[in-house]
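See below for the structure under consideration.
Residue numbering restarts at 1 for every chain, and letters A, B, ... go by the order of the sequence lines. Basis for what follows: all heavy atoms, side chains included, without hydrogens, waters or symmetry-related copies. Predicted model, so just to flag it, every value in this text is computed and none were measured.
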2 protein chains.
Amino acid sequence: MSSDMPRPRSLTPDRIASAALTVIDRDGLTGFTMRAVAAELAMSAMALYRYIDDRGELERLVVERVLDGIDVSPPDPKLPWAARVTLLLRRMRAAVAAHPAVAPLVPVHRHRSAAVLRWTETVLGLLTEAGLTGERRVLALRALLGYLLGAIQLEHLGPLAGAGTAALAELAPQAYPHLADTARTARHIDPDAEFDGGLALLLRGLTAPPD
Amino acid sequence: MSSDMPRPRSLTPDRIASAALTVIDRDGLTGFTMRAVAAELAMSAMALYRYIDDRGELERLVVERVLDGIDVSPPDPKLPWAARVTLLLRRMRAAVAAHPAVAPLVPVHRHRSAAVLRWTETVLGLLTEAGLTGERRVLALRALLGYLLGAIQLEHLGPLAGAGTAALAELAPQAYPHLADTARTARHIDPDAEFDGGLALLLRGLTAPPD
DNA sequence: CTCGTAGGTATACATCGTACGCCTACGAGG
DNA sequence: CCTCGTAGGCGTACGATGTATACCTACGAG
């Protein structure tokens with residue numbers, strides 16, 4: 001055999017992910033098409049299939065690329081424990097916020113990302129430091145992860161995340177008194193503060209007495 | 001004009017939603033097609049467009065149908081406060097769990113559902129009873145909603161929600177020690193208990209001192 | 001009975017993911 | 001240098017999808 005390297009060319013997975021991300025940032029998820037990504041790489045659509053199996057794998061690459069930028073180093077140990085956890089969650093949230101259109105893809109492909117593994121390991125380290133082990137640590141992680149993913153969905157899939165809240169404040173006069181009132185208050189809250197605030201409530205619960 | 005009712009026929013929005021849900025339950029989201037839903041109704045695909053504007057509206061109908069079954073009556077006031085909130089969240093979770101394949105559609109169309117409005121109003125009532133008002137109530141609602149939506153995503157979009165956790169327990173031997181350990185523990189936890197447990201942590205934080 | 005309207009359908013089109021088969025560039029072996 | 005096998009790259013094509021358009025038709029009001 002003359003086997004080894006007959007034609008070692010062109011693309012790296014990273015360049016592909018990068019092109020796909022460019023397309024998504026520019027045209028949104030609906031513009032995220034095999035043909036569009038190929039065009040972004042100045043290739044034919046089918047050429048992509050020399051590097052990936054199918055659309056699913058492309059999505060996976062995009063999610064991994066978005067999440068790979070996350071800094072997973074443990075924050076300064078001198079910070080209060082809650083502040084350190086908050087920092088880590090904020091980093092993940094910020095990574096997604098930098099490319100809002102990929103938000104719906106994150107929950108689907110999250111578990112295949114090495115970055116997420118590292119991030120989770122770091123978070124677990126912090127939880128362990130706080131004295132959480134065994135089942136309590138599992139529950140704490142699940143609660144944090146649930147809150148994080150849910151918050152991301154709420155921010156990027158909501159009724160345009162603010163316009164709808166405004167509508168709620170108008171509508172529902174006496175049929176939904178609490179709702180109308182809450183929506184009115186919510187309009188004045190900064191999204192970052194809202195994320196941090198909800199998280200703070202959760203963290204307070206995590207560190208309560210071990211039953 | 002002879003205007004009023006020239007031909008008053010066939011379908012109600014509810015029958016349409018019902019047929020769509022049948023299709024989704026049987027064939028999953030990928031089988032959820034205009035043609036498939038039409039076939040389920042023994043009609044041509046285009047006939048559907050006499051009743052709905054586009055696919056998006058069909059999705060909305062499905063989500064509304066799934067969520068409409070939720071019991072939004074306030075639970076027995078003799079129950080502890082946390083138990084009452086838990087009950088309401090469980091109801092929403094159960095409604096989605098009854099049709100797992102629609103889970104990805106829920107965050108997208110949630111805000112247009114009257115059932116969600118009523119449900120939210122009830123939850124807000126409970127939060128108010130617990131002494132939460134103003135910003136604190138907004139944050140509490142957001143945290144609960146985030147946790148709920150996130151938990152639903154985690155359960156239905158995970159790595160087949162269990163198989164992946166198992167894989168994590170095997171993999172990642174010394175590279176991710178905390179993770180491997182946590183995954184091993186997680187395998188023995190019932191999903192319902194996990195949901196309730198994480199929620200309990202959050203609720204504990206909600207009722208802590210008002211800063 | 002008639003007639004206008006809304007119900008229902010058939011057909012058609014653009015766009016999507018991707019299977020298939022063909023050329024071609026290029027690195028290794030002579 | 002030539003040649004040759006392999007993998008890169010492309011053109012075409014197919015089935016599926018959402019939906020626009022134009023048509024026929026059943027039916028209730030007059």
Side-chain angles (χ1 to χ4, degrees), chain A residues 1-63 101-102 104-105 108-109 112, chain B residues 1-63 101-102 104-105 108-109 112:
Chain A
M1 330 173 223
S2 57
S3 58
D4 272 26
M5 291 195 56
R7 200 184 173 185
R9 288 243 235 121
S10 277
L11 300 178
T12 67
D14 205 72
R15 254 186 65 60
I16 296 179
S18 197
L21 199 49
T22 300
V23 170
I24 294 179
D25 286 342
R26 184 186 349 108
D27 305 326
L29 260 197
T30 64
F32 175 36
T33 271
M34 293 293 146
R35 285 164 170 81
V37 174
E40 186 68 30
L41 291 163
M43 305 183 90
S44 91
M46 292 313 295
L48 271 180
Y49 287 88
R50 293 285 170 183
Y51 297 91
I52 61 172
D53 279 351
D54 54 17
R55 181 184 220 271
E57 192 176 345
L58 222 192
E59 293 181 359
R60 217 203 73 231
L61 286 178
V62 170
V63 171
V102 315
L105 298 182
V108 184
H109 299 284
R112 282 190 238 278
Chain B
M1 329 176 223
S2 57
S3 58
D4 273 26
M5 289 195 55
R7 203 184 171 186
R9 287 243 236 124
S10 275
L11 300 179
T12 68
D14 204 72
R15 251 185 69 60
I16 296 180
S18 197
L21 199 49
T22 300
V23 170
I24 295 180
D25 286 342
R26 183 185 350 107
D27 305 325
L29 260 197
T30 64
F32 176 36
T33 270
M34 292 295 147
R35 286 164 171 76
V37 174
E40 186 68 31
L41 291 163
M43 305 184 92
S44 92
M46 291 313 294
L48 273 179
Y49 287 87
R50 294 283 167 185
Y51 298 91
I52 61 172
D53 278 351
D54 54 16
R55 182 183 219 270
E57 192 175 343
L58 223 191
E59 293 181 0
R60 218 202 73 231
L61 286 178
V62 170
V63 171
V102 315
L105 298 181
V108 184
H109 299 285
R112 282 189 237 278

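One interatomic measurement links the two molecules: CG of A/Leu29 to P of C/dC16, which rounds to 13 Å at whole-angstrom precision. Regarding A/Ile52, its CD1 atom lies at a distance of 11 Å from the C1' atom of C/dG17, rounded to whole Å. Atom CE of A/Met34 and atom P of D/dC14 are 21 Å apart (whole Å). Note: OH (A/Tyr51) to C1' (C/dT18) measures 18 Å, nearest angstrom. One interatomic measurement links the two molecules: CG of A/Asp53 to P of C/dG17, which rounds to 15 Å at whole-angstrom precision. In this entry the distance linking CG of A/Leu11 with C1' of D/dA7 reads 13 Å, nearest Å.
Taking CD1 of B/Ile16 as the start and CG of B/Leu21 as the end, the distance is 13.5 Å to the nearest 0.5 Å.
The shortest side-chain heavy-atom distance between B/Val62 and B/His109 does not fall under the 4.5 Å cut-off. In this structure the side chain of B/Leu48 reaches within 4.5 angstrom of the side chain of B/Leu41, judged on heavy atoms. Using a 4.5 Å heavy-atom cutoff, the side chains of A/Thr33 and A/Asp27 are not in contact. Counting heavy atoms from C-beta outward, B/Val37 and B/Phe32 have side chains that approach closer than 4.5 Å. You'll find the side chain of A/Val63 stays beyond 4.5 Å of the side chain of A/Arg112, heavy atoms only.
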Please tabulate, one pair per line, each protein N/O and nucleotide N/O from nucleotides 9-14 of chain C that are separated by under 3.5 Å, including the distance.
unit_1	atom_1	unit_2	atom_2	d
C/dT9	OP2	B/Ser44	N	2.8

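Mapping A/Phe32 and B/Ser10 onto DNA chain C by nearest heavy atom places B/Ser10 at the nucleotide closer to the 5' end.
Using modelled atom types, one side-chain atom of A/Asp54 and one backbone atom of A/Glu57 make a donor-acceptor pair closer than 3.5 Å.
For DNA chain D, each stem of at least three Watson-Crick or G-U pairs (distances under 3.5 Å) is given as range with range: C:1-30 with D:1-30.
For the side-chain hydrogen bond (donor to acceptor under 3.5 Å, both in side chains) condition, the pairs that include at least one residue of residues 35-45 of chain A, sequence neighbours left out, are A/Arg26-A/Glu40.
The phosphate of D/dA16 (OP1 or OP2) has no side-chain N or O of B/Thr33 nearer than 4.0 angstrom.
Closest non-hydrogen pair, B/Ala36 versus B/Gly31, comes out as CB-O, 3.5 Å.
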